[in-house]
Student: 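What follows is a single structure, and I will ask about it in a moment.
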Amino acid sequence: MKKDLLGIADLTPEEIYLVLETAEAMREIGQRPIKKVPTLRGKTVVNLFYEPSTRTRTSFEIAEKRLSADTLNVAVAASSVLKGETLADTARNIEAMSPDMIVLRHSSSGACHLLSRICKSRIINAGDGMHEHPTQALLDAFTIKEHKPRFEGLKVAIVGDLAHSRVLRSNALLLTKLHADVWVSGPPTLLPPGIERLGVHVTTSVDEAVQDADVIMMLRIQQERMQGAFFPSLREYFNVFGMTAERVSRAKPDVIIMHPGPMNRGVEIASDVADGPYSVILEQVANGVAVRMAVLYLLAGGVEDEAAA
Amino acid sequence: MPVVLDADRMARSLARIAHEILERKSGPGDIAEVALVGIRTRGVPLARRIAKSLFDIAHHEIPTGALDITLYRDDVSSHAVGPQPVVRKTEIPFSIDGKLILLVDDVLYTGRTIRAALDALIDFGRPKAIQLVVLVDRGHRELPIKADYVGKNVPTSATQSVQVHLLEIDGRDEVEIVP
């Protein structure tokens with residue numbers, strides 16, 4: 001592994017499979033009476049979250065504690081950012097206390113790359129702006145692997161707000177690296193220019209995207225990132241792009257339905273689909289802990305390029 | 001490369017260990033509290049073979065598990081360079097509480113693997129006792145650890161390496177010393 005986990009773009013297929021296989025072993029720890037191993041004893045991990053997050057932050061914290069790392073959460077709303085400190089200065093100050101890893105969530109794309117350049121600590125990207133969210137894509141892949149025999153040729157439909165989604169970017173990068181057949185669909189106003197360069201099929205027809213799909217991955221409508229009118233109303237969005245039982249019936253009979261959360265019920269996904277038999281949404285959350293334990297463990301080791309240096 | 005155990009002698013050593021286990025656990029019902037846990041990688045097939053011998057002799061099915069000790073190693077954090085060792089799955093599909101656990105490994109050397117395995121096992125419960133079974137004891141202990149059942153004692157120098165090959169993993173049964 002490299003020093004940091006900044007994005008799926010930097011990972012080879014072998015490294016992706018290594019994370020997934022390590023996560024398989026990590027999951028067993030969560031089923032023990034004592035859900036803790038001493039592996040990262042004496043390591044300090046700082047969870048630096050500049051954006052609200054419940055699932056990802058909790059998941060990282062549980063993963064860190066199960067590996068016996070010392071963790072601390074920096075609640076940015078209550079910190080020196082309000083007093084005007086820049087991200088780089090905050091990072092240098094945290095680094096002065098010599099943590100081993102920093103888990104960063106930030107609203108600006110590339111914030112993790114900035115930290116990676118100025119910090120000796122290992123940096124794990126927990127979502128940067130509209131760029132990447134690598135641990136989400138890894139846990140999605142882990143969930144798919146549990147249900148499907150292989151990634152090659154798997155039809156994966158990713159539907160929703162494509163423009164603002166780091167989950168889309170990371171998933172599209174990962175799934176195409178493993179040779180899945182990725183289809184993306186959403187309103188034309190939310191199709192980012194150049195999206196086909198990710199190696200995916202693009203369509204504005206959800207029905208075409210989900211036809212015979214093995215996996216349907218829904219993306220959240222991110223109203224907090226929208227500064228314009230991308231579609232007339234949420235109700236209309238649901239009618240044209242929402243995942244309903246009728247649409248799901250076009251997919252393969254053993255389709256799985258995924259959502260990175262938090263869900264907008266009745267906007268991108270109907271409640272009966274979210275809670276229905278094809279849904280693996282809560283499995284994704286459970287798998288998140290094992291995958292993050294795997295990433296923390298693998299990054300705690302030595303760095304291959306450092307050996308040469 | 002001198003071969004210290006060939007397939008035939010390995011089979012006899014393991015059969016002898018199975019007999020010794022039964023001899024020490026002679027009372028009725030005693031065998032019911034025995035469970036085998038193999039340390040990955042090569043302790044696992046060895047544990048299965050001993051379980052099979054015990055079944056053939058005593059007609060009793062011994063619960064058998066697999067333990068990966070990577071996450072309990074004492075050198076995980078000190079790797080300055082190089083990637084992390086691969087973690088594999090621990091599978092102990094029974095309760096170890098109150099059991100006599102026979103921990104099985106291929107080679108006993110510094111004792112550090114066994115130290116890690118003891119820590120790992122104790123996270124699963126409170127066994128009545130833990131005993132150690134090894135195919136080869138090559139000496140050079142760095143911790144106060146001793147095996148209860150030994151297939152063969154092999155005196156070695158610290159620069160030599162003892163390589164165990166098992167049919168299930170390597171396609172042949174053989175123990176050799178590599179200078």
Side-chain angles (χ1 to χ4, degrees), chain A residues 1-3 5 11-12 14-15 17-45 63-70 100-101 120 122 142 146 290-291 293-309, chain B residues 35 37-44 47 63-99 101 103 111-128 130 143 169:
Chain A
M1 298 287 283
K2 298 190 174 59
K3 171 180 165 277
L5 178 64
L11 296 182
T12 62
E14 292 71 33
E15 286 170 325
Y17 280 115
L18 176 64
V19 173
L20 300 183
E21 277 152 31
T22 307
E24 190 75 45
M26 294 295 182
R27 185 169 52 176
E28 179 267 324
I29 294 163
Q31 295 154 358
R32 295 183 189 177
I34 298 175
K35 300 176 180 53
K36 203 176 182 76
V37 292
T39 318
L40 297 187
R41 218 170 28 176
K43 301 267 184 200
T44 307
V45 186
E64 290 151 8
K65 294 203 152 121
R66 289 203 176 149
L67 291 171
S68 301
D70 294 314
D100 297 282
M101 299 193 205
K120 280 211 281 295
R122 307 295 164 92
F142 186 79
E146 293 212 285
V291 167
M293 286 171 77
V295 167
L296 289 160
Y297 168 73
L298 291 169
L299 284 187
V303 181
E304 279 152 88
D305 358 325
E306 256 176 22
Chain B
V37 173
I39 299 176
R40 287 199 191 273
T41 305
R42 286 179 180 72
V44 177
T64 306
L67 187 66
D68 185 89
I69 56 104
T70 314
L71 298 170
Y72 290 84
R73 284 168 64 137
D74 56 10
D75 54 357
V76 168
S77 302
S78 59
H79 277 279
V81 288
Q84 292 279 61
V86 175
V87 187
R88 281 151 309 166
K89 245 169 126 170
T90 291
E91 289 162 299
I92 302 184
F94 49 86
S95 164
I96 68 166
D97 287 331
K99 289 247 166 50
I101 301 294
L103 195 59
R112 287 178 195 268
T113 299
I114 305 305
R115 198 282 311 157
L118 293 174
D119 274 359
L121 263 183
I122 278 159
D123 278 357
F124 283 86
R126 189 177 189 279
K128 183 181 170 196
I130 301 176
L143 295 171
I169 296 166

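Lettering of chains follows the sequences in order, A, B, ..., and the numbering in each one begins at 1. All values derive from a computational prediction rather than experimental measurement.
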Student: Side chains of A:Tyr297 and A:Met293, heavy atoms from C-beta outward: is any pair under 4.5 Å?
Tutor: no
Student: For A:Pro33, is it the side chain, the backbone, both, or neither that has a heavy atom closer than 4.5 Å to a heavy atom of chain B?
Tutor: side chain
Student: For a quick test of reading the model, state the closest non-hydrogen atom pair linking A:Leu296 to A:Glu64 and the distance between them.
Tutor: CD1-CG, 3.6 Å
Student: Between A:Glu28 and chain B, which part of the residue has a heavy atom less than 4.5 Å away: side chain, backbone, both or neither?
Tutor: side chain
Student: State, without any angle test, whether B:Arg40 and B:Thr70 hold a side-chain donor-acceptor pair at a distance under 3.5 Å.
Tutor: no
Student: Chain B heavy atoms under 4.5 Å from A:Lys35: which part of the residue, side chain, backbone, both or neither?
Tutor: neither
Student: Which of the residues B:Ile92, B:Asp123, B:Asp119, B:Val86 is involved in the greatest number of heavy-atom pairs with chain A at under 4.5 angstrom?
Tutor: B:Asp123
Student: Kindly indicate whether the side chain of A:Glu146, heavy atoms from C-beta on, has any atom under 4.5 Å from the side chain of A:Arg27.
Tutor: yes
